[in-house]
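See below for the structure under consideration.
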Amino acid sequence: MIRVRFAPSPTGYLHIGSARTALFNYLYARHVGGKFLLRIEDTDIARSTEESTRSILEGLAWLGFAPDEEIVYQSENAPKHRAAAARLLDEGKAYRDFTPKIETGDKSIKEAIVERARANQGVKNLRDNEYRDLPKAESDARAAAGEPFAIRLKVPMDGTTSFTDAVYGPLDRNYDEIEDLVLLRSDGHPLYNLAVVCDDIEMGITDVIRGQDHLTNTHKQILIYEALGAAPPRFAHLPLILAPGGKKLSKRIHGEIVSMTTYRDAGFLAAAFRNFLALLGWSAGEEREIYSMEELIEKFSLDRIHQSNATFNFDSNNPRRWTDDKAIWMNAEYIRTMPLGELLPFVKDELKSAKLWRDEYEDDEKTWFETTIDIIRERFFTLKDFSMQGRAYFSEDFDFDQAALDKNLKKFPDLRTWLPELGERLESLNEWTHDPIYNLVAAFAEENGTKLGVIMNGARAVLSGVAVGPSMIAVFEILGKERSIMRLKSQVAWNL
RNA sequence: GGUCGGUUCGUCUAGGGGUCUAGGACACCGCCCUUUCACGGCGGCGACACGGGUUCAAAUCCCGUACCGACUACCA
């Protein structure tokens, strides 16, 4: 039985890259009929927050990735991690390091690392820790005396670790490039590599699918597996998702755009976003981009995952490009092509939260409502559009887009009298359907010696508040006779 | 600094020695449709990082260089 896990650390919201990792784990599990598990890696007490855990869970729930078993909280396993470290110590596979903890000072950690490495240039022997071969009795005595110590893994003097990554192929690393890594901090806290390995063993994980940033960690983890006497799982490392310019996507500099909840709140459909994410770093090798979840599951395979990082394209200075164009396009594609019945619940939620929902839409006005949604969704990109651009269809209290007014209304002052006149004329219509309306409007335009387009565009501005929308006659029909005439006669738009 | 990984249109990608004058999608531009439009249709722009090999033949294999990324922590 294949068992995979998604293991985020709760130090922020669900990051777009993490969401993609979760997706791939989920797709793989479903594809092979295995289990998809979730583990919250909250061992970093200084940075982990409950708020973050909640946000991650919310993001996963929105995407629809429910774990098949109880969620594991890594911090709760700390006693087991300590026991594992103690065992390795006992067996002589790890040792106590009494070196006092070094503070990094005010330099950034990265800088400190690079500086140290540069200074050591090629002369550093990673096996030269003075406590590595401290006699057991002495080590025990010092520990008993209360001297603080960290526990480090005793990496063998020479040899190499190697594994075959499902994405990157065979990889190996010399022991002399791997430091005797700390398993347990001097304050007793287990560190990442130990915790991950222990938990993966405990959870029976068979395949680890995670970001490529863990590629080099994998060698250290394999060393821990070996020390613990456990067989390592299979590994598949995913290419990273970067910001434009090839930089790492980060909360600090890129803000909300990296958070999953942003997309939910912006009116994205989870199905569309999953589809978009699936194509970032993976492809089925076909010339097509729309895949249902079932199709994704069926076609997914580790060996079609890319080795090169992908750029998530957006322009924070351009509101139209606030996120990746393709993601927006895909969402629009879903909105206009998915079965209407599947879309309706989402529209309902959106209208409800905008206080535009009326229960009649599911009762007396069901037909009107469904027809209307079906017509207006044609030009929409997100669920938000139903309550923003589409507001005029559901409420008398809607805003007018200034650009639409300038371009289609105010440019033709005659419309100020024409539109109310047209409204008057429309009163006489007995049958409120396409042909009669069209004929009347067309005749009206001709009488006044103007192009039909001028009347139509002006009417659109006044009736819907925007310049974009379905066929104008359809707007008349949707709005109905009474509301159409009322808005044609209204002068409010002229005073804005 | 070291180790490892990566590099095809602006972006996501197809391709894995000949079918590649490199295919698709998004974006962009043009035309058509149309009463408007960010729908639709048609078309256009646009890429194998660079240099050496190997080969009859290289985007595809090898080497080097450049660039990018990750790791190099008592962070995860």
Side-chain angles (χ1 to χ4, degrees), chain A residues 7-9 11 41-44 46-48 97 99-102 104 109-110 112-122 124 126 148-152 165 168 171-174 176-179 181-187 189 191-193 195-196 211-217 219-220 237 239-240 242 244-248 276 279-290 306-314 320-321 324-330 332 336 378-381 404 407-408 438 441-442 445 451-457 459-461 466-473:
Chain A
S9 51
T11 54
E41 306 215 317
D42 52 354
T43 48
D44 186 343
R47 293 195 298 155
S48 299
D97 182 358
T99 313
K101 186 180 174 186
I102 311 160
T104 36
I109 296 162
K110 289 272 187 224
I113 291 168
V114 173
E115 193 172 287
R116 196 181 72 170
R118 213 179 304 239
N120 290 333
Q121 244 202 94
K124 178 73 174 169
L126 263 18
F149 60 86
I151 295 183
R152 308 189 92 111
D165 190 87
Y168 290 92
L171 261 8
D172 40 45
R173 197 165 187 214
N174 228 292
D176 59 23
E177 283 148 21
I178 305 174
E179 190 174 23
L181 57 146
V182 172
L183 267 15
L184 223 56
R185 271 203 241 165
S186 49
D187 62 5
H189 262 98
L191 250 28
Y192 174 72
N193 285 304
V196 168
Q212 185 240 64
D213 44 342
H214 289 292
L215 219 39
T216 35
N217 277 331
H219 292 97
K220 297 179 190 171
H237 286 88
L240 270 21
L242 306 172
K247 301 296 172 199
K248 202 169 178 174
F276 171 74
L279 266 24
L280 228 43
W282 175 85
S283 95
E286 305 172 313
E287 295 192 339
R288 125 152 118 124
E289 25 277 313
I290 302 295
H306 268 207
Q307 299 180 320
S308 52
N309 296 339
T311 298
F312 185 64
N313 203 19
F314 61 90
R320 280 259 291 136
R321 291 266 171 85
D324 200 294
D325 279 327
K326 201 158 184 172
I328 295 177
W329 166 79
M330 197 165 281
R336 59 182 170 246
E378 195 62 37
R379 262 94 169 164
F380 287 172
F381 287 78
K407 183 176 139 216
N408 293 334
Y438 180 81
V441 178
K451 283 195 292 189
L452 184 55
V454 173
I455 302 290
M456 290 294 203
N457 291 337
R460 176 189 305 281
V466 292
V468 182
S471 127
M472 190 55 222
I473 303 299

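Quick note on labels: first sequence line is chain A, next is B, and so on, each numbered from 1.
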Give one of base, sugar-phosphate or nothing for [X], where a contact means two heavy atoms less than 4.0 Å apart.
| X | result |
| --- | --- |
| A:P100 | base |
| A:G281 | sugar-phosphate |
| A:H214 | base |
| A:T99 | base |
| A:I328 | nothing |
| A:E179 | sugar-phosphate |
| A:R320 | base |
| A:Y168 | sugar-phosphate |
| A:R152 | sugar-phosphate |
| A:N408 | nothing |
| A:A310 | sugar-phosphate |
| A:P470 | base |
| A:S186 | base |
| A:F380 | nothing |

Are OP1 or OP2 of [N] and a side-chain N or O of [X] less than 4.0 angstrom apart?
| X | N | value |
| --- | --- | --- |
| A:S283 | B:A14 | yes |
| A:K220 | B:U72 | yes |
| A:T43 | B:A76 | yes |
| A:H306 | B:A14 | yes |
| A:R185 | B:C75 | yes |
| A:S308 | B:G5 | no |
| A:K247 | B:G69 | yes |
| A:Q212 | B:A70 | no |

Rounded to the nearest angstrom, tell me the gap between atom [atom1] in [X] and atom [atom2] in [N].
| X | N | atom1 | atom2 | result |
| --- | --- | --- | --- | --- |
| A:F276 | B:A27 | CZ | C1' | 13 Å |
| A:L171 | B:G6 | CG | P | 8 Å |
| A:Y438 | B:U36 | OH | C1' | 13 Å |
| A:E289 | B:C26 | CD | C1' | 8 Å |
| A:N174 | B:C71 | CG | C1' | 16 Å |
| A:M472 | B:C37 | CE | P | 14 Å |
| A:E286 | B:G23 | CD | C1' | 14 Å |
| A:D213 | B:C4 | CG | P | 19 Å |

Donor-acceptor check, side chain of [X] to backbone of [Y], threshold 3.5 angstrom: yes or no?
| X | Y | result |
| --- | --- | --- |
| A:N457 | A:N408 | no |
| A:R460 | A:S471 | no |
| A:S283 | A:L279 | no |
| A:D324 | A:N313 | yes |

Partner lookup for [N], please. Criteria are Watson-Crick or G-U wobble with both distances under 3.5 angstrom; report none if nothing qualifies.
| N | answer |
| --- | --- |
| B:U55 | none |
| B:G64 | B:C50 |
| B:U36 | none |
| B:A14 | none |
| B:G43 | B:C29 |
| B:C71 | B:G2 |

5' precedence on RNA chain B between A:R321 and A:D42 (nearest-nucleotide basis): A:R321
Given RNA chain B, 5'-ward residue of the pair A:A467 and A:T311, judged by closest heavy atom: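 With A:A467 and A:T311 compared, the 5'-side residue is A:T311.
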Taking every non-hydrogen atom, the tightest pair across [X] and [Y]:
| X | Y | answer |
| --- | --- | --- |
| A:T311 | A:P244 | CG2-CA, 3.6 Å |
| A:H237 | A:Q212 | CB-CA, 4.0 Å |
| A:I178 | A:K220 | CG2-CG, 3.9 Å |
| A:V182 | A:L184 | CG1-O, 3.4 Å |

Whether the side chain of [X] and the base of [N] hold a donor-acceptor pair under 3.5 Å is what I'd like checked.
| X | N | result |
| --- | --- | --- |
| A:S471 | B:U35 | yes |
| A:R379 | B:C37 | yes |
| A:R460 | B:U36 | yes |
| A:N217 | B:A70 | no |

Distance in Å, A:L280 CG paired with A:L242 CG, rounded so as to fall on 0.5 Å steps: 10.0 Å
